Amino acid sequence: LSWAAFSAYDTVLDAKDRRQAQDMARQVQSQLRAFALRHGRLPCPDASVAGTGLESLVGGVCGNGNRIGWFPYVSVGAGLPVAEYRARYAVYRAPNASAAADADLALALERTGDAIGHVNHSDAGDLIVALNNVAGLALASDQPYLSGDGGVAGAVDCTANRLMSVAYWIVVPLKDRSGDGERLDPPHASTGPCVFSPGTPVSATNDDVVLSESPAQLAGWLRQSLP
Ligand SMILES: [Ca+2]
Ligand SMILES: [Ca+2]
Ligand SMILES: [Ca+2]
């Protein structure tokens with residue numbers, strides 16, 4: 001083993017926490033995908049400060065401009081994890097007056113012209129249309145996006161290295177490594193739409209675990225999973 005394997009911030013205990021966080025992130029992904037398949041939209045972020053686990057719905061729909069919050073564990077039928085493993089969550093939302101061009105992933109909307117009552121009304125097929133619409137939009141700095149990984153994907157720099165938009169990201173915060181009193185560590189913040197690329201290694205000042213999917217990845221999974 002190299003000397004680096006014993007560096008102060010990569011102890012056996014921390015590695016165990018990281019694996020656990022990665023498992024938790026994959027569980028959230030499964031819950032999110034199952035929800036999307038069933039409801040034809042992505043879950044609405046839980047915008048409460050403490051994290052109640054409930055979608056922040058207004059009159060039954062995801063509140064205007066609500067793109068970042070906690071993952072709504074309770075609303076997808078899961079239990080609320082302890083703070084260390086409780087994920088922040090962002091979803092791409094770009095509404096359009098034309099349903100066929102709409103790219104609000106948290107909104108169940110008829111985008112293919114099926115009548116009310118039709119079996120394909122506002123279903124996962126309509127979400128696939130929205131995902132394709134997202135893929136066609138230029139990167140916007142107020143929508144969820146990825147920066148680099150400090151390696152092949154380039155620097156972790158939310159301004160100078162904006163890599164790509166994502167359908168959603170989740171961040172499992174683990175400990176406060178940056179010492180600012182928040183479990184999230186920069187560049188991650190409770191309101192920012194930028195995260196580093198999944199797979200970014202742990203560092204002395206950041207142990208956050210990121211998982212995300214591009215619109216094409218999620219659309220591919222939905223297509224494959226449709227009955
Ligand atoms: Ca439809
Ligand atoms: Ca952290
Ligand atoms: Ca921190």
Side-chain angles (χ1 to χ4, degrees), residues 7-11 13-25 28 36-42 49-51 61 68-71 81-90 95-96 98-134 146-147 149-150 156 158 169-192 194-212 215 218-219 222-223 225-227:
S7 57
Y9 54 81
D10 196 17
T11 63
L13 198 65
D14 283 350
K16 199 176 149 216
D17 286 349
R18 293 269 301 172
R19 277 197 301 277
Q20 172 78 3
Q22 282 152 1
D23 286 349
M24 301 289 270
V28 168
L37 193 59
R38 185 167 173 193
H39 298 282
R41 66 175 177 86
L42 296 195
V49 174
V61 296
I68 303 174
W70 300 100
F71 186 72
V82 296
E84 205 171 357
Y85 297 114
R86 198 174 303 166
R88 293 298 290 179
Y89 163 64
N96 193 298
S98 154
D102 182 86
D104 183 350
L105 302 185
L107 180 70
L109 185 67
E110 179 46 49
R111 298 181 178 94
T112 62
D114 297 317
I116 294 173
H118 189 281
V119 66
N120 295 125
H121 185 78
S122 297
D123 73 350
D126 296 291
L127 177 56
I128 290 172
V129 173
L131 287 162
N132 291 340
N133 291 338
V134 172
L146 301 184
S147 182
D149 60 1
V156 177
C158 291
W169 54 243
I170 57 175
V171 178
V172 177
L174 285 174
K175 298 187 174 75
D176 174 20
R177 274 268 170 94
S178 65
D180 62 354
E182 280 203 47
R183 290 180 183 278
L184 292 171
D185 301 316
H188 306 147
S190 56
T191 56
C194 169
V195 294
F196 56 49
S197 284
T200 300
V202 64
S203 78
T205 53
N206 196 319
D207 64 358
D208 300 356
V209 170
V210 172
L211 192 154
S212 70
L218 182 56
L222 287 168
R223 226 174 269 122
S225 310
L226 282 173

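Since we're looking at a predicted model, the values are computed, not measured. Order of appearance sets the numbers: ligands from 1, and atoms from 1 within every ligand.
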Does [Y] offer a backbone N or O that forms a donor-acceptor pair with the side chain of [X] under 3.5 Å?
X      : Y      : value
Arg177 : Asp185 : no
Asn132 : Val129 : no
Glu110 : Thr112 : yes
Arg183 : Leu174 : yes
Arg88  : Ser190 : yes

_Given Lys175, which partner from the list Asp207, Asp17, Asp208 fulfils the salt bridge (charged side-chain N to carboxylate O under 4.0 Å, His left out) test?_
Asp17
*Rounded to the nearest 0.5 Å, how far apart are CG of Asp176 and OG1 of Thr205?*
10.5 Å
_Rounded at 0.5 Å granularity, tell me how far CZ in Arg111 sits from CG in Leu131._
8.5 Å
_With respect to the Ca ion (ligand 2), please indicate if Leu174 possesses an N, O or S atom at a distance under 3.0 Å._
no
*asked:* Taking backbone and side chain together, does Pro173 place any N/O/S atom at a distance below 3.0 Å from the Ca ion (ligand 2)?
replied: yes
Only N/O/S atoms count here: what is the atom of [X] closest to the Ca ion (ligand 3) called?
X      : result
Asp176 : OD1
Asp180 : OD1
Asp185 : OD1

*Per the side chain to side chain contact (heavy atoms under 4.5 Å, CB included) rule, which among Asn206, Asp149, Leu146 passes with Phe196?*
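Only one option passes, and that is Asn206.
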*Can you list, by chain and residue number, the protein N, O or S atoms under 3.0 Å from the Ca ion (ligand 1)?*
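Hits for the Ca ion (ligand 1) below 3.0 Å: Glu110 OE1, Glu110 OE2, Thr112 OG1, Asp114 OD2, Asn120 O, Asp126 OD1, Asp126 OD2.
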_At the Ca ion (ligand 3): angle between Glu182 atom O and Ser178 atom OG, to 10 degrees_ = 160°
*Which heavy-atom pair separates Ala21 from Tyr85 by the least distance, and what is that distance?*
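Here Ala21 and Tyr85 meet closest at N-CE2, 3.8 Å.
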*From Arg183, does some N, O or S atom reach closer than 3.0 Å to the Ca ion (ligand 3)?*
no
_What do you get for the angle at the Ca ion (ligand 2) between OD1 on Asp208 and OD1 on Asp207, to the nearest 10 degrees?_
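Between OD1 of Asp208 and OD1 of Asp207, at the Ca ion (ligand 2), the angle is about 100°.
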